[in-house]
Amino acid sequence: MMLDKVYEPQRFEPRWAQWWVEQGLFRASVEAPGPVFSLVIPPPNVTGSLHIGHMLEHTEIDVTVRWHRMRGYNTLWLPGTDHAGIATQMLVERALAEEGLDRRKLGREAFLERVWAWKERYGDTIKRQMIRLGASCDWSRERFTLDPGLSRAVRETFVRLYEKGLIYRGEYMVNWCPRCQTALSDLEVVHDETPGNLWYIRYPVIGMDRFLVVATTRPETMLGDTAVAVNPADERYRDLHGKRVLLPLMNREIPVIVDELARPDFATGVVKVTPFHDPNDFEAGRRHNLPKIQVIGETGAMTAEAGPYAGLDRFEARRRVVADLEQLGLLEKIEPYTVSLGKCQRCKTPVEPLVSIQWFVRTKPLAEPAIRVVEEGRIRFIPENWTKTYFEWMYNIRDWCISRQLWWGHRIPAFYCADCGHTTVARQDPQACASCGSPRLEQDPDVLDTWFSSALWPFSTLGWPDDTPDLRKFYPTSLLITGFDILFFWVARMIMMGLECVGDVPFREVYIHGLVRDAERQKMSKTRGNVIDPLEVTEKYGTDAVRMSLLLGAAPGTDIVLTEERMLSARAFANKIWNAARFLFLHMERCGVQPWLPPVNAPRRPEPAAPDGSAWLEDRWMFSRLNRVTDAANRAIARYRYHELAQLLWQFFWHEFCDWYVEIKKLRFRENSGLNADWRNLLTIFEAGLRLLHPAMPFITEELWQRLAANQSERPVSIALAPYPQYDAAGDDPEAERQMELVQEIVVAARNLRTTLQLDPRQTLDAVLYSPDLAADLAESHREIIERLAGIRLEIQREGRPTPGPAVRSTPEFDLLLRIPAAQSDAQRRRLEKEIQRLEKLVASSQAQLDNEEFLRRAPAEVVASLREKLADYKAQLAKNREALAALSQ
RNA sequence: GGGCGGUUAGCUCAGCUGGUCAGAGCGUCUGCCUUACAAGCAGAAGGUCAGAGGUUCGAGUCCUCUACCGCCCA
């Protein structure tokens, strides 16, 4: 039963982590009783390791999951990982590069073998980390987005959507990453404000002796211009409608078109049109049937169409184009201009918009029902303001480019006929063309955007498209906890796909957590070098402490600041619990008390333990407090107010249980008492406290609980399966709380006097309590407690009041006098003056309000009454303090 | 350009439906190694809740404007 003197979580946390998994404690069952609570993990990237943001996410999930499990829900937390197409492929390619290889040299099959080997090697890291961090998930249901079952779901979805016309293939403007050499979706492009220039270029007008000056941020694309545009409303250029200009450098004649594309208020109001390399120009090109000329290729080098610039890198080409224009006198001016430069989310290479044949999801028809379910409240976002962000995006949603020119991922199940060109999209690899029967089929080489499979995650992991028991039982999932950064990438798409494929929402609530930041409120990133490694800090402070410090900062809608100091203080809290337990166990041994767990339905009120057959005040108080804290804790978790939960339990355990309750209980221990009512009360509180704390700090609570539970047969195998305490109105004891507060006030008054008078804390002092009523009664009946905690000998005076003086502390209920030989009056005078000032202010402001007739007429009666009461108190205290000060001045 | 959020004690932040909301942790100061815990105990100091105006009997709390700082989308 004895605990080590120092709290060393490293000694027991890994053991319990392992044990939970081995025991299959968190395995869900479709047969299990109880209401269902299910949640799928936002699958981390398979090749990565977990960072502190994951730990926050997993802690919040785990708290909620453990809480539901303890409340008797049939609970599933399904874990797994994502193949993370581009991200993973990039890593492996980088490794290959170090060997002087590249994927093309290796070939598709060999390359994929390498990626799988990589996945096998690093894929377990995440699982190991999660287990170590105490995540209570069901490992028997672990999934990976490239698992055969999930791949089948992907294929099924693709085929269905294709058959419904919701997936199509076509030539459109896409974002192209010249380094990754693949198309990207709009979301995978990040925009950076970058200093650039606006180059003003003169285009000679055919048949006129003038120039049209065009401003552009990308002069190299002019090589692909097929028109220049002016606004129809722009009077300045009315005479140029229908004219042609000569494209400099290329010496090609191109038309002047009239289009809204040109904004009269921007630069010269004339814009060049490059349909192949700009999304707006692409649209304009369509409107005017302009030819498209590709001057920049897939690697970022200029194409043959770029004439003399062919083969140059696009940025080099820019320099040369500018220089050449300058030489020809066709460069009017250069202005500095900040551009929003699109970059590849993964490799940060500037993206090249270009026209390409790709696969797309038609999103509008999918978005409509997805908007509706949120409007109807069938899915709720917490915090609520994310709803608006969600709607904004959904209303303006654009088709989703889903094909990627990668090898790592789900291959697009489209087969092209070499003979008739027909496209066959099928659930099974076709042997012959669906149109002409030719066997000469070739599968599309591309794979799907990694988010395509993620979008199916809540149901593909449960066995869809089959109608499995898991799917029936656990879909829709109850809750999703994730970060705002993937609201569009993932959350929105899951909603669309869930509704489309399964016909129901994928989850009912979405809790969006904040970002973990460092002490300077900086985002954590590898390049900044301020990342906190979960395993490292876990090793250093203990998992429970790190979890606790994350939770303490996790107020909904705010970012989480995590610092060493925070983790340090959370560890101090864990240490406090540890020592409280050590103390209890020590005294249990001395008193001859065996490990004991209170019965499951422990009473809400304490057992009478006092000699007169009544219950001790401290027991009544503590049971009542426990009951209220229980209420608050349950409500906090239910509302995702994790910081409140953490703060609440911290306050309760440390500053109520340890600071007061245990201190008082020291009076009650008797040698060889055995398991008496005192012990049963104490252990009932402590054990319930452990259960309250378990979702937040699973390890220390399991460790301590198991010791209490030792050798007892009638009990759950783990605290994780024990019931979470529930509020019971019958457990409130407001009278005990009021009385205890008064006892505390007396003790604090004595301590306060002692310190302000700078008296030896070890010396027992004589004190007199003056009170006509309640305080005197309480002091009488709880003399022992007060004397012990305050270090005084107490005398009680029911009549009269002390001569005001430096050693008197006054409250509305009582006056307390410390008998001391000679008072240090200076300190006392300062204290009194300050107190008088404070009270005068309070009296003045309450008086003013009470003099306000409007207030008296319109404020609720009890507000007015309570203010009157307060004013009376303030006045009484003020009088006492003034007397004291006067006495001091004599 | 559109949207969202922030500005409360030296620091990092809570403060949910306006009326014990002026709080917590850390830090600071004073005193204690009181045998569960110095990773501790006891006590204390510290804020005109960014600024201005408004609504209200009453405003960190609601509204408007201003300043500064973030984030997202185009």
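Given the structure is predicted, the values throughout are model-derived calculations rather than measurements.
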Counting just side-chain N and O atoms, does [X] come under 4.0 Å of either OP1 or OP2 of [N]?
| X | N | result |
| --- | --- | --- |
| A:K388 | B:rC4 | yes |
| A:H655 | B:rG25 | yes |
| A:R566 | B:rC26 | no |
| A:R762 | B:rC33 | yes |
| A:W654 | B:rC41 | yes |
| A:K5 | B:rC37 | yes |

RNA chain B in dot-bracket, Watson-Crick or G-U pairs under 3.5 Å, [ ] crossing, | other strand? ((((((((.[[[[.)...(...]]]].(((((.......))))).....[[[[[..)....]]]]]))))))).
Quantified in whole Å, what is the [atom1] atom distance between nucleotide [N] and nucleotide [M]?
| N | M | atom1 | value |
| --- | --- | --- | --- |
| B:rC29 | B:rA9 | C1' | 15 Å |
| B:rG47 | B:rC16 | C1' | 23 Å |
| B:rC26 | B:rA38 | P | 16 Å |
| B:rU8 | B:rG46 | C1' | 13 Å |
| B:rU17 | B:rG60 | C1' | 16 Å |
| B:rA59 | B:rC68 | P | 28 Å |
| B:rU48 | B:rG43 | C1' | 27 Å |
| B:rC11 | B:rG51 | P | 15 Å |

Touch class at under 4.0 angstrom, heavy-atom based, for A:K665 against every strand present: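 Result for A:K665 = nothing.
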Listed by chain and number, what are the ring pair (Phe, Tyr, Trp, His ring centres under 6.0 Å) partners of A:W660, not counting sequence neighbours?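 A:W660 satisfies ring pair (Phe, Tyr, Trp, His ring centres under 6.0 Å) with no other residue.
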Quiz question: by atom type and distance under 3.5 Å, do the side chains of A:S624 and A:D732 form a donor-acceptor pair?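 The answer is no; no qualifying pair exists.
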Mind checking whether A:R590 and A:F669 have side chains closer than 4.5 Å, heavy atoms only?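 No, too far: nothing below the 4.5 Å cut-off.
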Is any side-chain heavy atom of A:R738 closer than 4.5 Å to one of A:L742?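 Heavy-atom side-chain distance check fails, nothing below 4.5 Å.
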Under the criterion ring pair (Phe, Tyr, Trp, His ring centres under 6.0 Å), which of A:W451, A:W393, A:W400 is the partner of A:F489?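 So, applying the ring pair (Phe, Tyr, Trp, His ring centres under 6.0 Å) to A:F489 and each of A:W451, A:W393, A:W400, only A:W451 qualifies.
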Near A:R398 CZ, under 6.0 Å, is it more than 12 heavy atoms from other residues, nucleotides or ligands?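 No, not enclosed.
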Report the residue (A:F484 or A:R641) whose heavy-atom-nearest nucleotide on RNA chain B is the more 5′ of the two.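 Per heavy-atom nearest nucleotide, the more 5' residue is A:R641.
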So, do A:Y7 and A:W578 have ring centers that fall under 6.0 Å from each other?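 Yes, the ring centres sit under 6.0 Å apart.
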